[in-house]
Each structure stands twice: as C-alpha cells, then as structure tokens.
Amino acid sequence: QLSNASRRLEQARSQAFETEQIGIDVMSDLRQQRDVILRSRGNVSDIGENLGMARRILDSMGRRAAAHRMMLCGVAVFMVIMLGVLALTVLGVGGSGNAGGQTRSADDPDRRRRLLLPLLRGHGSSW
C-alpha cells in the first residue's frame with residue numbers, strides 16, 4: 001500500500017510538473033501575442049496619421065487643380081476676346097462711321113492683306 005501511494009504521489013508530481021510546463025508555455029505565448037497586439041496598435045495609429053495627411057494633400061491638390069483649370073479658362077476667354085478685337089481692328093469693322101460715303105481704308109482688300117500677312121507669317125507652320 002505504501003508503494004502504491006508512492007507511485008500515485010509520483011504520478012501527481014509528474015502531472016503537476018507537466019501542468020506547470022504547459023502553463024509556462026501558455027504564458028509565453030500570451031506575452032508574445034500581447035507584444036504583437038501592442039505593435040499592431042502602434043502601426044494602426046501611424047497608418048491613421050498617414051491617411052489623414054494623405055487626405056489633406058489630396059484635397060490641396062484638388063483645389064490647386066480646380067484653380068489652374070479656372071485660370072486656364074480665363075486665359076482662353078481672354079485670348080478669344082483679344083483675337084476678336086484684333087480681327088475687328090484689322091478688318092475695320094466697328095470703327096468710326098464714314099462721312100459722305102467716302103471709302104474707308106480698312107475696306108481696301110490690299111490693305112487687309114498687308115496687315116494680315118505679317119501676322120500669319122509670324123506664326124510659322126501653326127497656320
């Protein structure tokens with residue numbers, strides 16, 4: 001009976017040692033998982049900050065693009081107006097009226113040609 005009790009005591013001690021080893025392994029795994037979670041939390045915070053900065057940069061770029069588009073439209077309208085004024089000036093339309101039916105020099109086709117040719121030559125092959 002004493003040897004039977006000794007054997008049971010040895011089995012209980014062995015099971016307690018195994019249980020302790022399992023507990024140590026579980027604690028080690030939990031510590032590693034805690035470290036991973038803390039690192040992940042820090043990374044998520046960094047990602048959130050970077051996302052906010054990227055959003056602000058994209059908003060700024062969108063505003064700049066809209067401003068550039070508006071400036072481009074303004075320049076295009078200005079150029080069209082100036083070309084219209086130039087065409088009216090060169091063709092003699094809209095000038096002061098004639099007195100007594102005299103011919104205006106702007107109505108002279110040779111004069112128009114002389115005024116337009118230097119303009120056309122100045123633009124080279126774009127015409």
Problem set entry | Rounded distance [0.5 Å steps], CD in Gln32 versus CD1 in Ile37 | 12.0 Å
For this session: Verify side-chain contact (heavy atoms from CB on, under 4.5 Å) between Glu10 and Ser6, making sure each step is shown before the conclusion.
Result: CA-CA 6 Å; Glu10 190 59 38; Ser6 293; over 6 Å; no
Problem set entry | Distance (rounded to the nearest 0.5 Å) between Arg55 CZ and Asn50 CG | 12.0 Å
Exercise. Is there a chain of hydrophobic side chains (I, L, V, M, F, W, Y, each step under 4.5 Å between heavy atoms) that links Val44 to Val36?
Worked result: no
Seminar exercise, completed: Rounding to 0.5 Å, atoms CZ (Arg64) and CZ (Arg69) come to a distance of 14.0 Å
For this session: Rounded to the nearest 0.5 Å, what's the gap from CD on Glu20 to CG on Asp25? Could you check?
Result: 11.0 Å
Exercise. Is there a chain of hydrophobic side chains (I, L, V, M, F, W, Y, each step under 4.5 Å between heavy atoms) that links Leu58 to Met53?
Worked result: yes
Exercise. For the hydrophobic clusters of this structure (ILVMFWY residues joined by side-chain heavy atoms under 4.5 Å, transitively), does one cluster hold both Leu72 and Val80?
Worked result: no
Problem set entry | CG-CZ distance between Asp46 and Arg41, expressed to the nearest 0.5 angstrom | 13.5 Å
Problem set entry | Value rounded to 0.5 Å, distance of CE in Met27 from CD1 in Ile24 | 9.5 Å
